[in-house]
**Student:** 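My questions all concern the structure below.
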Amino acid sequence: MENHAIASLLEETADLLEISGADSFRIRSYRRAAEAMEQSTQQMREIVAAQNATRELLAIPGIGKGMAANIEEIVRTGRLAAREELISQYKPTILELLKLPGMGPKTVALLWDAQKIGDVDALEKAARAGELDALPRFGKKQVEKILKGIEEYRRHTGRFRIDVADETAARLAEAILAFPGIEVVTPAGSLRRGRETVGDLDLLVTGPACEEEVVAAAVEHVASLPEIASILARGQNKVSFLMHNGLQVDVRLLPQKSYGAALQYFTGSKTHNVALRQRALKYGYTLSEYALARMKDDSVVASATEEEIYRALDLDWVPPELREGLGEIDAAEAHKLPKLIELKDIHGDVHMHTDATDGRNTIREMVEAALERGYSYIAITDHSRNLAMTNGLDDRRAAGQVKRIREVDAEMEGRIRVLAGIEVDILGDGSLDLSDHVLAEMDVVIASVHTLLNQPAEEMTERILRAVENPYTRILGHPTGRLLLKREPFAFDLNAVLKRCAELGVAVEHNAAPERLDLKDRDLRLAHELGCNIVVNTDAHHTTHLEKMKYGVLQLRRAWLTKDDVLNALPAKKFLAKLRSKP
DNA sequence: GCCGTTTTCGGCCCGACTGTTTTCAGTCG
């Protein structure tokens with residue numbers, strides 16, 4: 001049983017407890033435990049199998065005696081009796097009702113108690129038949145809202161990739177800024193924290209036009225943006241709407257004096273904010289989206305910027321990417337927050353394709369684009385022959401490609417280093433699909449798991465390990481295989497593979513392209529903990545794809561990585577030296 | 001159910017919006 005699955009069971013138990021009207025603090029501890037499971041870099045099944053299982057479980061923050069027993073039960077039996085007992089009082093499908101907008105545990109409980117409604121279809125039927133009208137708090141509008149919610153739910157349930165949300169935010173910001181007196185638009189929420197996907201978009205807006213007396217006109221401007229598909233809610237200083245692609249956007253217009261408090265509040269995460277508010281209470285303060293204020297007389301301590309709020313709580317300012325309740329508050333108190341890697345620290349991109357295979361630009365064009373970005377080196381790494389659909393290079397063409405790369409490198413006269421590389425496939429026996437004498441010519445050999453077939457975990461792990469152990473392999477490409485496998489849990493033993501990479505000095509690729517999602521935060525933290533060298537790159541098939549590097553860097557920041565932890569933050573010479581030496 | 005320089009009981013985060021309940025409960029972020 002994977003951590004993710006354990007988290008789901010705990011989360012569902014929390015939902016069921018909520019429907020059954022249990023103590024809210026008990027519910028919270030289930031949710032907190034679920035979050036801890038999601039974020040842990042250790043597999044619970046390994047902890048439970050160990051000698052001192054209970055003690056190790058208790059060491060995880062948010063896990064006490066009761067929850068440790070629950071986790072052990074889940075790992076051993078695959079089930080949680082407490083959850084099954086709760087679900088037997090309802091229908092298993094009752095949990096999907098909670099996913100409808102405006103539907104919370106109290107309403108779900110009411111629907112069940114009154115009419116035994118336990119799934120979306122039954123709810124829709126009852127709503128259309130007018131059977132809900134007799135229930136308390138069910139007026140005409142409420143029923144309409146439910147039907148609309150069901151329609152939304154069926155049309156769209158997923159989350160949006162960070163790049164989609166980022167581009168949408170930029171476009172909306174431009175339109176909002178067109179209003180005179182609006183000066184700043186900042187995305188908050190999970191987009192600001194740099195998560196791989198976002199559920200909805202939070203935009204915070206300020207400027208003279210957002211002061212209380214005049215804000216109505218600015219709200220009207222936002223509510224009439226042409227990009228809006230439908231308005232969900234509209235308040236004095238807030239507009240919520242849906243875009244045509246189904247993305248929900250919440251725009252809040254705030255006076256300048258409380259902008260920092262709002263930015264802090266709406267950036268989250270929930271866990272981080274709860275911890276921060278608890279800390280505020282210890283200081284005799286209360287923290288809200290308006291201000292950090294003294295409890296006794298409501299006088300404001302800090303509100304205009306995030307920095308002053310953190311400072312007033314004796315904390316260093318915490319970068320948004322770290323605000324996930326993973327120890328950042330303690331680190332901020334001790335002045336031990338890491339100096340996170342930044343986009344400008346990246347000196348090179350060592351995974352790119354050209355028109356020799358499935359890229360769209362020449363070597364020369366890729367080099368020019370890299371120069372424009374200020375890189376001091378790149379590696380050209382086209383596909384090898386096994387990937388026939390991309391016109392992959394065989395031994396002869398690969399050797400020719402190396403020659404051309406060297407020529408371009410010479411033409412650059414030191415303005416940029418152009419390294420010769422290849423992205424090879426791992427074959428059925430774990431070998432690489434080009435000859436040793438060709439691989440020996442390469443500066444960078446990326447052994448990619450991206451064409452491995454989805455087969456039993458043990459065989460897959462064995463093949464990948466063999467490829468990692470190949471003396472020519474410098475980088476393990478697409479290390480989680482997510483690209484191809486498209487399913488969780490991992491179909492091979494990632495832990496064992498990363499461990500071997502660390503031992504052998506084979507670097508692990510972190511692909512920056514949001515559509516790949518090769519390594520998630522958790523995978524990156526695991527790789528780092530195991531001591532792997534990490535390389536961030538864009539797998540660029542086109543010059544413009546180099547722009548994606550910024551998303552990869554966000555992920556590295558979320559994993560608490562500094563520039564010392566990332567191989568291509570080093571200059572070319574050191575980068576090559578740090579790669580495994582040639583056999 | 002968790003947790004502890006006010007500890008083993010008694011706490012545990014805050015405010016706005018919505019709809020309809022003329023005083024507030026439920027949901028959401």
Side-chain angles (χ1 to χ4, degrees), chain A residues 10 13-15 17-19 21-36 57-71 80 82 97-111 132-133 135-146 148-149 188-193 198-204 219 231-240 248-254 258 261-293 295 298 313 325:
Chain A
L10 293 174
T13 308
D15 286 342
L17 282 169
E18 211 165 5
I19 293 171
D23 171 56
S24 66
F25 299 108
R26 197 169 151 226
I27 295 162
R28 188 187 296 168
S29 49
Y30 273 88
R31 296 207 194 283
R32 198 164 166 223
E35 186 62 25
L57 286 173
L58 288 175
I60 304 171
I63 306 296
K65 231 172 122 197
M67 207 56 74
N70 283 340
I71 292 166
L80 183 61
L97 289 178
L98 282 177
K99 298 197 177 106
L100 297 173
M103 282 283 240
K106 295 279 163 46
T107 314
V108 170
L110 175 69
L111 288 168
L132 301 180
D133 302 353
L135 297 175
R137 299 195 310 273
F138 275 82
K140 201 175 149 204
K141 278 198 170 177
Q142 186 73 9
V143 174
E144 265 174 32
K145 198 173 157 188
I146 284 174
K148 210 174 146 193
S190 43
L191 178 57
R192 183 160 181 248
R193 299 202 312 278
V198 304
D200 52 28
L201 198 58
D202 288 299
L203 294 180
L204 301 190
V219 168
I231 300 265
L232 297 172
R234 185 174 165 170
Q236 279 190 342
N237 64 344
K238 176 189 157 171
V239 186
S240 294
Q248 182 179 329
V249 184
D250 297 323
V251 181
R252 291 183 172 80
L253 300 95
L254 304 147
S258 63
L263 191 55
Q264 194 292 312
Y265 183 87
F266 289 110
T267 297
S269 66
K270 204 161 203 165
T271 316
H272 178 82
N273 283 1
V274 166
L276 212 57
R277 264 181 242 137
Q278 275 167 346
R279 187 179 177 88
L281 287 179
K282 276 195 208 141
Y283 279 68
Y285 301 153
T286 165
L287 179 61
S288 74
E289 61 259 54
Y290 299 106
L292 180 70
M295 212 131 48
D298 276 348
L313 295 170

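Here is the naming used below: chain letters follow the sequence lines, and residue numbers restart at 1 for every chain.
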**Student:** Looking only at atom C1', what distance separates B:dT27 and B:dT20, rounded to whole Å?
**Tutor:**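 Pairwise C1' distance, B:dT27 against B:dT20, rounds to 15 Å.
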
**Student:** Across all strands, who's sitting opposite B:dT8 as a Watson-Crick or G-U wobble pair, both distances under 3.5 Å?
**Tutor:**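 B:dT8 is paired with nothing.
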
**Student:** Starting at NZ of A:Lys270 and ending at P of B:dC12, how long is that distance when rounded to a whole Å?
**Tutor:**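 It works out to 17 Å between those atoms.
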
**Student:** Would you call A:Asp15 and A:Arg31 a salt bridge, taking side-chain N to carboxylate O under 4.0 Å as the test?
**Tutor:**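 Yes.
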
**Student:** What integer number of Å spans the C1' atoms of B:dA16 and B:dC12?
**Tutor:**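 Each nucleotide's C1' atom is 22 Å from the other's.
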
**Student:** Taking only side-chain N and O atoms of A:Ser29, does any of them lie within less than 4.0 angstrom of OP1 or OP2 on B:dC12?
**Tutor:**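 Checking A:Ser29 against B:dC12: no side-chain N or O falls below 4.0 Å of OP1 or OP2.
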
**Student:** With respect to the side chain of A:Arg252, which nucleotide from B:dG15, B:dG1, B:dG29 is positioned closest?
**Tutor:**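 From the listed options, B:dG29 comes nearest.
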
**Student:** Answer with base, sugar-phosphate or nothing: what part of the nucleic acid does A:Leu276 contact at a heavy-atom distance below 4.0 Å?
**Tutor:**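 Touches nothing.
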
**Student:** Would you classify A:Lys238 as touching base, sugar-phosphate or nothing, given that sugar-phosphate means primed atoms plus P, OP1 and OP2, and contacts are heavy atoms under 4.0 Å?
**Tutor:**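 Nothing, no nucleic acid heavy atom in range.
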
**Student:** Assign A:Tyr265 to base, sugar-phosphate, or nothing according to its heavy-atom contacts below 4.0 angstrom with the strands shown.
**Tutor:**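 Base contact.
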
**Student:** Ignoring backbone atoms, test whether A:Ser24 places a side-chain nitrogen or oxygen under 4.0 Å from the OP1 or OP2 oxygen of B:dC12.
**Tutor:**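 Answer is no, no contact under 4.0 Å.
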
**Student:** State which of B:dC12, B:dC17, B:dA25 makes the closest approach to the side chain of A:Asn237.
**Tutor:**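 Side chain of A:Asn237 sits closest to B:dC17.
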
**Student:** Taking atom P of B:dG1 as reference, at what distance in whole Å does atom OH of A:Tyr30 sit?
**Tutor:**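 The answer, rounded to whole Å, is 5 Å.
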
**Student:** Go through B:dT27, B:dG15, B:dC12 for me and flag the one nearest to the A:Glu289 side chain.
**Tutor:**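 Among B:dT27, B:dG15, B:dC12, the one nearest the side chain of A:Glu289 is B:dG15.
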
**Student:** Within this structure, what is the CE-CG distance for the pair A:Met295 and A:Leu281, rounded to the nearest 0.5 Å?
**Tutor:**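 Those atoms lie 5.0 Å apart.
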
**Student:** Between the base of B:dG15 and the side chain of A:Tyr290, is there a donor-acceptor distance below 3.5 Å?
**Tutor:**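 No, the side chain and the base share no sub-3.5 Å donor-acceptor pair.
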
**Student:** For B:dG26 versus B:dT22, give the span between their P atoms, rounded off to a whole number of Å.
**Tutor:**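 Comparing P positions in B:dG26 and B:dT22 gives a spacing of 15 Å.
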
**Student:** Give the rounded distance in Å between these two atoms: CG of A:Asp133 and C1' of B:dT20.
**Tutor:**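 Distance, rounded to whole Å: 14 Å.
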
**Student:** Would you measure the distance from the C1' atom in B:dT23 across to the matching atom in B:dC17 and give it in whole Å?
**Tutor:**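 My reading of the C1' atoms in B:dT23 and B:dC17 gives 16 Å.
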
**Student:** Please classify the nucleic acid contact of A:Lys140 as base, sugar-phosphate, or nothing, using heavy-atom distances under 4.0 Å.
**Tutor:**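 It contacts sugar-phosphate atoms only.
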
**Student:** If you assign A:Ser288 and A:Gly104 each to the DNA chain B nucleotide with the nearest heavy atom, which residue ends up on the more 5' nucleotide?
**Tutor:**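 Counting from the 5' end, the first nearest nucleotide belongs to A:Ser288.
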
**Student:** By nearest nucleotide on DNA chain B, pick out whichever of A:Leu58 and A:Phe266 is the more 5' one.
**Tutor:**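 The 5'-side residue here is A:Leu58.
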
**Student:** Identify which nucleotide among B:dT18, B:dC12, B:dG1 has an atom closest to any side-chain atom of A:Ala233, counting heavy atoms from C-beta outward.
**Tutor:**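 In terms of side-chain proximity for A:Ala233, the closest of B:dT18, B:dC12, B:dG1 is B:dT18.
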
**Student:** Expressed as a whole number of angstroms, how long is the span from A:Lys145:NZ to B:dG26:C1'?
**Tutor:**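 So the NZ-C1' distance, A:Lys145 to B:dG26, works out to 9 Å.
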
**Student:** B:dG26 P sits how many Å from A:Ile19 CD1, rounded?
**Tutor:**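 Distance check: A:Ile19 CD1 to B:dG26 P gives 14 Å.
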
**Student:** Nearest of B:dG29, B:dG15, B:dC12 to any side-chain atom of A:Asp200?
**Tutor:**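 Nucleotide nearest to A:Asp200's side chain: B:dG29.
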
**Student:** Is there a side-chain contact between A:Tyr283 and A:Leu292 (heavy atoms, below 4.5 Å)?
**Tutor:**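 No; the side chains remain at least 4.5 Å from each other.
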
**Student:** To the closest 0.5 Å, what do you measure between NZ (A:Lys238) and CG (A:Asp250)?
**Tutor:**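 One finds 5.0 Å between NZ of A:Lys238 and CG of A:Asp250.
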
**Student:** What's the spacing between A:Met103 CE and A:Gln142 CD if we round to 0.5 Å?
**Tutor:**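 Reported to 0.5 Å precision, the distance equals 8.5 Å.
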
**Student:** Of all the nucleotides listed (B:dG29, B:dT27, B:dC17), which has the minimum atom distance to the side chain of A:Lys106?
**Tutor:**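 For the A:Lys106 side chain, the nearest candidate turns out to be B:dT27.
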
**Student:** Touch check for A:Pro105, heavy atoms < 4.0 angstrom, all strands: base, sugar-phosphate only, or nothing?
**Tutor:**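 It contacts sugar-phosphate atoms only.
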
**Student:** In this structure, how many angstroms lie between the P atom of B:dG29 and the CG atom of A:Leu191, rounded?
**Tutor:**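 These atoms are roughly 16 Å apart.
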
**Student:** Between B:dT27, B:dC12, B:dG1, spot the one nearest the side chain of A:Thr107, thanks.
**Tutor:**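 Closest of the options to the side chain of A:Thr107: B:dT27.
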
**Student:** Mind checking if A:Leu100 touches a base, just sugar-phosphate, or nothing, with heavy atoms under 4.0 Å?
**Tutor:**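 A:Leu100: backbone/sugar contact only, no base atoms under 4.0 Å.
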
**Student:** Taking the side chain of A:Gln142 as heavy atoms from C-beta outward, which of B:dG29, B:dG1, B:dT20 is closest to it?
**Tutor:**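 Among B:dG29, B:dG1, B:dT20, the one nearest the side chain of A:Gln142 is B:dT20.
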
**Student:** So with a 6.0 Å cut-off around CD of A:Gln236, is the heavy-atom count from everything else above 12?
**Tutor:**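 Counting neighbours around CD of A:Gln236, 12 or fewer heavy atoms of other residues, nucleotides or ligands fall under 6.0 Å, so no.
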
**Student:** Answer with base, sugar-phosphate or nothing: what part of the nucleic acid does A:Ile63 contact at a heavy-atom distance below 4.0 Å?
**Tutor:**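 It contacts sugar-phosphate atoms only.
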
**Student:** Using a 4.0 Å heavy-atom cut-off, does A:Arg28 contact any base of the nucleic acid, only the sugar-phosphate backbone, or nothing at all?
**Tutor:**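 Base contact - A:Arg28 has a heavy atom under 4.0 Å of at least one base atom.
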
**Student:** Rounded to the nearest Å, what distance is computed from the CG atom of residue A:Leu17 to the P atom of nucleotide B:dG1?
**Tutor:**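 Distance check: A:Leu17 CG to B:dG1 P gives 8 Å.
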
**Student:** Checking contacts here: which listed nucleotide (B:dG29, B:dG26, B:dT20) is nearest the side-chain heavy atoms of A:Lys141?
**Tutor:**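 The answer is B:dT20, which lies nearest to the side chain.
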
**Student:** Can you tell me how far the OG1 atom of A:Thr13 sits from the CG atom of A:Leu80, to the nearest 0.5 Å?
**Tutor:**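 Answer for the OG1-CG pair, A:Thr13 versus A:Leu80, is 4.5 Å.
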
**Student:** Is it the case that the side chain of A:Asn273 and the backbone of A:Tyr265 share a donor-acceptor pair, with hydrogens and angles ignored and the cut-off at 3.5 Å?
**Tutor:**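 Side chain of A:Asn273 to backbone of A:Tyr265, a donor-acceptor pair under 3.5 Å: yes, one is there.
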
**Student:** Measure from CG on A:Leu232 to P on B:dT27 and round the result to the nearest Å.
**Tutor:**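 Rounded to whole Å, this separation is 18 Å.
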
